[in-house]
Amino acid sequence: MIAIKVMKQKNFMAKLLTSELFDNFLTEEVVIDTYNTFTIDGRIHKDFYKNANEEDDACPKEEFSKWEKLRPICLELIKGRQTPLGFKFILRLDDQQKASLFETIDSDITMDQVSLGINIKFSSGEVVITTGVNYSIFTLDKEAEKAWDNYIPSFLESNGIETDIL
């Protein structure tokens, strides 16, 4: 687990809320504090899609909504003249991106035994991104965690987001 401070917040927020950069990430949770506290549980309710006939309304395979679905809602809650009091976004790597990352490591665990996420938090005037790994098994194998902790700073830098590892 590493903590990364975002240096140019306006640039980062534009990429997070108005670009497709994070769209393939899965959204576990969102909390936005403005004039109210808005909380979004990103878990998909499969029953909602029970009677869906059209292809666009087909039930997603993932457990959580993709960021691209929730991004416009979050943008609407955050945009305006006043800076939010705070926010927290918990995003997870989707299976396709996780498979790509697992191709680069030599690990005894399988990709379905681990969840790779980031916690994006704004408070006290700073945006901090914290990496996190959640294992569904007990393991001493930390290869996935090392790969994830190397991937996120590289991903941010390659997309023009200036950071400083805390």
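Computed over heavy atoms, backbone and side chain alike; hydrogens, waters and symmetry mates excluded.
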Could you pull out all residues at least two apart from Gln9 that satisfy side chain to side chain donor-acceptor pair (under 3.5 Å)?
none
Shared hydrophobic cluster for Phe155 and Met1 (ILVMFWY, side-chain gaps under 4.5 Å)
no
Is Phe138 isolated, or which residues cluster with it under the ILVMFWY side-chain rule of less than 4.5 Å, directly or via members?
Leu140
Which residues share a side chain to side chain contact (heavy atoms under 4.5 Å, CB included) with Asp149, sequence neighbours left out:
Ile2, Thr131, Glu145
Test of understanding: with side chain to side chain donor-acceptor pair (under 3.5 Å), list the residues that count as partners of Glu62, not counting sequence neighbours.
none
Over 12 non-hydrogen atoms of neighbours within 6.0 angstrom of NZ in Lys142:
yes
Set of side chain to side chain contact (heavy atoms under 4.5 Å, CB included) partners for Asp95, sequence neighbours left out:
Lys98, Met111
Of all residues at least two apart in sequence or in a different chain, which pass the side chain to side chain donor-acceptor pair (under 3.5 Å) check with Thr163?
none
Is the backbone N or O of Leu21 less than 3.5 Å from a side-chain atom of Lys15, with the two atoms forming a donor-acceptor pair by type?
no
Taking distance alone, no hydrogens or angles, what donor-acceptor pairs closer than 3.5 Å link side-chain atoms of residues 29-38 to residues at least two apart or in another chain?
unit_1, atom_1, unit_2, atom_2, d
Asp33, OD1, Thr37, OG1, 2.6

Contacts of Asp41 meeting side chain to side chain contact (heavy atoms under 4.5 Å, CB included) (sequence neighbours excluded), chain-then-number -> Arg43
Which atom pairs, donor and acceptor, lie under 3.5 Å between side-chain atoms of residues 116-127 and protein residues at least two apart or in another chain?
unit_1, atom_1, unit_2, atom_2, d
Glu126, OE2, Lys5, NZ, 3.1

Results of salt bridge (charged side-chain N to carboxylate O under 4.0 Å, His left out) for Lys146 - residues two or more places apart only
Glu143
Around atom NZ of Lys61, are there more than 12 heavy atoms of other residues, nucleotides or ligands at under 6.0 Å?
no
Please give the remaining members of the hydrophobic cluster of Leu26, linking ILVMFWY side chains under 4.5 Å, ordered by chain and number.
Phe64
Output yes when a side-chain donor or acceptor of Arg71 lies under 3.5 Å from a complementary backbone atom of Glu20, and no otherwise.
no
Measure the spacing between CD1 of Ile4 and CD1 of Ile161 and express it to the nearest 0.5 Å.
10.0 Å
Listed by chain and number, what are the salt bridge (charged side-chain N to carboxylate O under 4.0 Å, His left out) partners of Glu157, not counting sequence neighbours?
none
A side-chain contact here means heavy atoms from C-beta on lying under 4.5 Å apart; do Ser107 and Val114 qualify?
no
